[in-house]
Amino acid sequence: MAHMNMIQAINSAMDVMMARDPDVIVMGEDVGYFGGVFRATAGLQAKYGKTRVFDTPITECGIIGVAVGMGAYGLRPVPEIQFADYIYPALDQLVSEAARLRYRSNADFIAPITVRSPFGGGIFGGQTHSQSPEGIFTHVSGLKTVIPSTPYDAKGLLIAAIEDNDPVIFFEPKRIYNGPFHGHYDRPARTWADHPGAEVPEGYYKVPLGKAAVVRPGEAVTILCYGTMVHVVATTIEELGVDAEIIDLRTLVPLDIEAIEESVRKTGRCMIVHEATRTGGFGAELSALVTERCFYHLEAPVERVTGFDTPYPHSLEWAYFPGPVRIGEALKKILKD
Amino acid sequence: MAHMNMIQAINSAMDVMMARDPDVIVMGEDVGYFGGVFRATAGLQAKYGKTRVFDTPITECGIIGVAVGMGAYGLRPVPEIQFADYIYPALDQLVSEAARLRYRSNADFIAPITVRSPFGGGIFGGQTHSQSPEGIFTHVSGLKTVIPSTPYDAKGLLIAAIEDNDPVIFFEPKRIYNGPFHGHYDRPARTWADHPGAEVPEGYYKVPLGKAAVVRPGEAVTILCYGTMVHVVATTIEELGVDAEIIDLRTLVPLDIEAIEESVRKTGRCMIVHEATRTGGFGAELSALVTERCFYHLEAPVERVTGFDTPYPHSLEWAYFPGPVRIGEALKKILKD
Amino acid sequence: MTDARRSNLPPLSLHVPEPRFRPGDEVDFGDIAVPPAGAARRPDTADPASSFHELAYSLVRVLDDEGRAVGPWDPRLSPDTLRAMLRDMALTRAFDERMFRAQRQGKTSFYMKSTGEEAVAVAAAHALASDDMCFPSYRQQGILIARGHPLAGLMNQIYSNKGDTLKGRQLPIMYSARDYGFFSISGNLTTQYPQAVGWAMASAAKGDSRIAATWCGEGSTAEGDFHSALTFATVYRAPVIFNVVNNQWAISSFSGFAGAEATTFAARAIGYGIAGLRVDGNDPLAVHAATQWAAERARTNQGPTLIEHFTYRAEGHSTSDDPSAYRSAQEYSHWPLGDPVVRLKQHLIAIGEWDAERHAAMDLECAERVKAAQKEAEKNGILGHGMHQPFETMFEGVFEEMPWHLKEQCQQMIDERKAAGI
Amino acid sequence: MTDARRSNLPPLSLHVPEPRFRPGDEVDFGDIAVPPAGAARRPDTADPASSFHELAYSLVRVLDDEGRAVGPWDPRLSPDTLRAMLRDMALTRAFDERMFRAQRQGKTSFYMKSTGEEAVAVAAAHALASDDMCFPSYRQQGILIARGHPLAGLMNQIYSNKGDTLKGRQLPIMYSARDYGFFSISGNLTTQYPQAVGWAMASAAKGDSRIAATWCGEGSTAEGDFHSALTFATVYRAPVIFNVVNNQWAISSFSGFAGAEATTFAARAIGYGIAGLRVDGNDPLAVHAATQWAAERARTNQGPTLIEHFTYRAEGHSTSDDPSAYRSAQEYSHWPLGDPVVRLKQHLIAIGEWDAERHAAMDLECAERVKAAQKEAEKNGILGHGMHQPFETMFEGVFEEMPWHLKEQCQQMIDERKAAGI
Ligand SMILES: Cc1ncc(C[n+]2csc(CCOP(=O)(O)OP(=O)(O)O)c2C)c(N)n1
Ligand SMILES: Cc1ncc(C[n+]2csc(CCOP(=O)(O)OP(=O)(O)O)c2C)c(N)n1
Ligand SMILES: [Mg+2]
Ligand SMILES: [Mg+2]
């Protein structure tokens, strides 16, 4: 076992897969010699060469379109989109092509690509380095969406994603690249140093797609979350002394509905926390599913705690961010009766 | 009052607005001399000239980007995207630019553009002429999303959208361009001939954005729907003799939450019907809102009736389409106890 | 008017392109420059792209008005190859005719002809290796026919019937045929362009020897994907051939709305430092030669070539279109570059390898083959008459394995059908 | 290997560009062709774009090594104008220095310098009319400074403080200044390109006389928006100037990844039949002259011009970047085109309109002005120290009128703050 932060774990996942499978290639803006603006691909070009790890022109449409073509040839591309906020120019290639190729060609051609992209805020990145657009992708049939919350999961899920024969959107919560954020922007940042999720095997292993993790068992309320918010939620309930069951979804599509149902049936209450804007976010789908499937077990309405329906504002980002206070208020409400 | 089908009503809205406001311009693929592949802009170029109504290069990104620039100049562009399935190449210009311009520039610049686009299936259009992507746009802060269900509403809403100083996505349910679809693909098609919603004033009027319409009052269940599905739902409950209250949302963002709450509080049951794929569709948001706001009035879980989470299949489109049988089954379930 | 810099100038005006002829107009194509066949030089395939810019502005032509093959671009094909190309073009035309009629008869929802443009697909297919990978648009059915795809198989797709290997999921003519080196056609324009580049880059990265070729219409060159593709291709010198089929029209809008008033589409190549050729798209020998030349460049790591095929869309955009609403009916008959089938026929006759009787017999044979194929295909059903794929197939192939939510929805669909008594 | 067409060929290989120098390397820019100043011809502004393709491959230069202005492109500016340009460039540099330091001092989150590229923005601003509309990228702060925008106002934006007219909503340097003809900067690359075309088309449609100008980096030319913009511009002959600032680097990737190995960025223009110029971007007179020439074309309905400004990014991409990790530290000092401030200073001295003392005084004055502005701005607060806009402003301006859901969320936020006791 090694100790890794999330960047190192992600780097290790690509390293392991490139060593195992000569068809895995890594591409994206600044991922080559430099190793990526977050250093996630550091060292890979030196190790695997320029034909397998290379910089690309700055066209997200082209990056994904080219990756789809490489996938059709038989490669297993792992393109990086530098920030999730910059994935929109690639949307047509993702939605109309990658997501549809297997279906429309009846598996004549497939798109086994894994699109890595840092997402989420809390780093004073302003409107265009902070977004959480997962709700756009979870609505698209044919795409899988994966979001890790620990280095261990990040590596295991990324390996599973790369091996998966379907296109996977792999969003990396950049706020927790270097440590599990507690939600208090005004307190010293944590590192991964003492976190069990930072114990990561050096070699190959998988965390299966489609399986959630119960991060903390509890009886009072089920909290569904993913990415950065797993840690913010965990800190908050600890601080408030709430016996919540925290479920880290890990994969949004396909969703681990069994884990959710089981927990909600047990606790009778369900809260959903995500950083993305509220209206039409993935929380809406979770809320709808829980109501549809656990209605008669619910003792209170499903509660959503989310970012607001505004762009991510630069200076007021901590008023936007669904932090401990917003979560705490929602807990008060859902546990009221 | 004139009698118009939905195409004529939409054409009339643009005609009225172009006559009133010299800053209104119409642009898009094939909208000029030819008048659009659905003829929605027929006659406008002959009447208002080529500098106000013109064909564009086939680049949806360019169409919206150029429209944003025109809006910044002070025009009021009404770009057409030929099919909603082809709006994805424009997504970055819509999400990162049109939707954000007012906010990020503190109203230094605005994007008063109305993006018209035919959407929805039921015309054997296959995967790429049938999609209902409204759920992507309703998640984007800064965009309004409008969907009419009658010629009268189409004209009044389109005029309101063109006059609105925010960017509006105006999706036109192409299945009901020529008549209110009853949901039975195997029966003769209806025309707008005997529909009261096809009585349309020749001149200027508005249907306000953000206001739903109670299409039919009822006591047993509230059905939230929009576009084509309003008619399919109306036919179905009539056939089944269900005393449902049908609410035609007309505007998805901003939503008429009052109308929804009032109705659900009264009926105690809520069903949502849309043609878009289920997971993460706008129905999820509606379900979440209703649960959050009317939980203690609900006698049954909110029910969603939707298209399936697959691409829109060409030959099996009627198995995909949420028609009378799917709606009927859901009604049975929600009215059960 | 706050600035002296422009105080004396007249106001700006917006130029909006307009085609020269509209319905009812007399057509005169005299302004289209048609250089004599054989006039364009043929650079060595190892020459740098910057050394033959003029080829992006002229027109590579091999067949002259008398049906002779002249000049350095003459590919010197054997009579057998020429006859095979002629037959594939004729067969494509016969196929189009019949399927167009099938749509009109209500047997399917949609069809798109390639009439007048057969050379662009067929001659290219003959010039490529059989396992080079094609990323076509929707108007290159000629490739599949030239590569010997069974006609009934194509028709099954058009009918979305139970023989359709794509399980009725795609609009008619949106074929996919991996075994014939033919990529799944997309409804979304030009998305295949960067995909072709990606395939070609993969081939190069793997030290393979296969190359990619892709096609789009002149209207489709405006999409951002076109630019992304050419940018990637020039950066990595991808072994790919970009074909721009300039058939003058994009549904109702003429090529001026894609930029044809200012320059040629072949000139786009120059902007990226890519080899560019402008070719008489109705001259099967020119198309063959240009493709072969571009393929040789690609195979020898000289990188991409863009070929503009100057041609004319003889029919409507699709069965949903009526071109008489926006263009003069005279245009095709006045088109200065003729009909590719007629021109190749003339050539074969001119070199003594063909005659009118054999041509008539071939036409008949093509019609019969198409008819027989249609009969075979219709045994599997036509659209909307029940002989489709099992309903469950709708949920297959969204993912490699069906997740729970699709299984549930599949069951819901089955229950629905039971409830409806069907 | 199923096809004889390629049986004798060696395998394909993928070309991946590599910059010539990496950290530690000795730099020799001897291969960069630097034509003598004055060598490029200056066509009449009414000449067709096709008549001067060579200007896309050469380099318009006015200032020679001795600081003399030579040749047909000399804009013959008055000494006052020259001094104003010099001051605006120096002020821009002083501003950049100070704000960079402010970021390092933790007073804000982010900053981007334009060091070495000041001419591209400042000289262009001087050549345009004051109400021509600019659609910049993030590295043309020089435009705002040249147009007289108060420095403290820019700093308020950088600090996201309570004086920030953008209400702290935008990342530092993402200015918007309608009154200065400066469009809202986007974080998303190249989106401003089609917007500039739209603005220019609107101006033309309205019979206005104002034109638009837009800027992007050479790396950003790869985005699809670039292509959409050039396509629209050529089709409608939009009165717009496209500036491509080729500063050799896009974060860590060199211009080869945008296509610079195969041709110039100015050559992109040729692909669309647009006028294209390649200009010494470190020569303020050349930039001024080229801009003026392009503006005259635009104002006389001759349509768009694309200008490649050949320059060098002297500093890191932004405060988040450390260029020593990917390029040789020697590059800037060896850059063959020098420093635009130094070159204009030399010229003014050469013509007897400037001297070292006045220059030193000017530098001091610039530093003082920036310092004073900073003092003023910091009265309104720095980032993260409480003096931001009221929290409610977060919900304003999403729409013209606030809908119910934002009102509710605003209330929720207020309640939250109460609950937290803040
Ligand atoms: C992204 C996208 N936008 C618009 C369309 C609608 N559309 C289908 S074909 C077509 C015209 C294409 O013209 P061209 O590229 O010249 O090809 P041709 O039909 O002439 O072969 C248009 C606008 C589409 N299919 N995809
Ligand atoms: C759509 C998009 N993709 C990626 C980025 C991230 N990014 C910001 S600047 C930059 C490099 C741009 O380089 P260039 O265009 O050469 O401009 P320069 O910084 O040299 O002025 C990148 C990749 C972005 N902002 N937007
Ligand atoms: Mg065409
Ligand atoms: Mg650059």
Side-chain angles (χ1 to χ4, degrees), chain A residues 60-61 85-96 99-100 103-104 126-128 131 133-142 252-255 272 276-296 298 300-304 307-311 313, chain B residues 60-61 85-96 99-100 103-104 126-128 131 133-142 252-255 272 276-296 298 300-304 307-311 313:
Chain A
E60 291 76 13
C61 161
D85 316 61
Y86 304 140
I87 203 167
Y88 307 117
L91 211 84
D92 192 43
Q93 283 286 350
L94 286 168
V95 172
S96 308
R100 300 290 143 79
Y103 193 79
R104 76 171 195 231
Q127 303 185 21
T128 56
Q131 294 169 39
E134 69 275 12
I136 289 180
F137 299 95
T138 50
H139 185 41
V140 174
S141 61
L252 274 48
V253 175
L255 188 66
I272 298 149
T277 51
R278 183 180 190 82
T279 299
F282 192 64
E285 178 63 29
L286 291 171
S287 171
L289 283 172
V290 167
T291 303
E292 280 154 13
R293 305 170 86 93
C294 309
F295 185 72
Y296 298 102
L298 285 179
V302 179
E303 192 68 33
R304 286 184 288 170
F308 293 128
D309 284 320
T310 72
Chain B
E60 292 74 14
C61 161
D85 316 60
Y86 305 140
I87 203 167
Y88 306 117
L91 210 84
D92 192 44
Q93 283 286 348
L94 286 168
V95 172
S96 308
R100 301 290 145 79
Y103 193 80
R104 77 173 194 229
Q127 303 184 21
T128 57
Q131 294 169 38
E134 69 274 13
I136 289 179
F137 299 95
T138 51
H139 184 41
V140 174
S141 60
L252 273 49
V253 175
L255 188 66
I272 298 150
T277 51
R278 184 180 190 83
T279 299
F282 191 64
E285 177 62 30
L286 291 170
S287 172
L289 282 172
V290 167
T291 303
E292 278 154 14
R293 305 170 86 94
C294 309
F295 185 72
Y296 299 102
L298 285 178
V302 180
E303 191 69 31
R304 286 183 288 170
F308 294 127
D309 284 321
T310 72

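Residue numbering restarts at 1 for every chain, and letters A, B, ... go by the order of the sequence lines.
Within the 4.5 angstrom heavy-atom criterion, atoms from both the backbone and the side chain of A/Leu289 approach chain B. For B/Phe308, no part lies near chain A; criterion is any non-hydrogen pair under 4.5 Å. Looking at A/Thr310, the atoms closer than 4.5 Å to chain B (heavy atoms on both sides) sit in the backbone and in the side chain alike. Interface remark: A/Gln127 contributes side-chain atoms only to the contact with chain B (heavy atom separation under 4.5 Å). Looking at A/Leu252, neither its backbone nor its side chain comes within 4.5 Å of chain B, counting heavy atoms on both sides. In this structure, chain A has no heavy atom under 4.5 Å from any part of B/Leu94. For chain B, no part of A/Ala90 is nearby; none of its heavy atoms comes within less than 4.5 Å. For B/Arg293, no part lies under 4.5 angstrom from a heavy atom of chain A. Of the atoms belonging to B/Ala99, not a single heavy atom falls under 4.5 Å from chain A. Heavy atoms closer than 4.5 Å to chain A are found nowhere in B/Ile272, neither backbone nor side chain. For A/Tyr86, no part sits under 4.5 Å from any heavy atom of chain B, backbone or side chain.
Here CD of B/Glu292 is found 8.5 Å from OG1 of A/Thr291. Values are rounded to the nearest 0.5 Å. Here the OG1 atom belonging to B/Thr128 is positioned 9.0 Å from the CZ atom belonging to A/Arg104, to the nearest 0.5 angstrom.
Most heavy-atom pairs under 4.5 Å with chain B, from the set A/Ser287, A/Ala300, A/Gly126, A/Cys294: that is A/Ala300. Counting heavy-atom pairs under 4.5 Å between each of B/Gly283, B/Pro313, B/Gly281, B/Cys61 and chain A puts B/Gly281 at the top. Contact tally against chain B (heavy-atom pairs below 4.5 Å) for A/Leu298, A/Val253, A/Leu286: the top residue is A/Leu298.
In this view, A/Gln131 and A/Asp85, A/Tyr88 satisfy the side chain to side chain donor-acceptor pair (under 3.5 Å) rule, not counting sequence neighbours. Checked against salt bridge (charged side-chain N to carboxylate O under 4.0 Å, His left out), B/Glu285 has the following partners two or more places apart in sequence or in another chain: A/Arg304.
Across all their heavy atoms, B/Pro311 and A/Tyr103 have their closest contact at CG-CD2, 3.3 Å.
Screening A/Thr279, A/Thr277, A/Asp309 for a side-chain contact (heavy atoms from CB on, under 4.5 Å) involving B/His139 leaves a single residue, A/Thr277.
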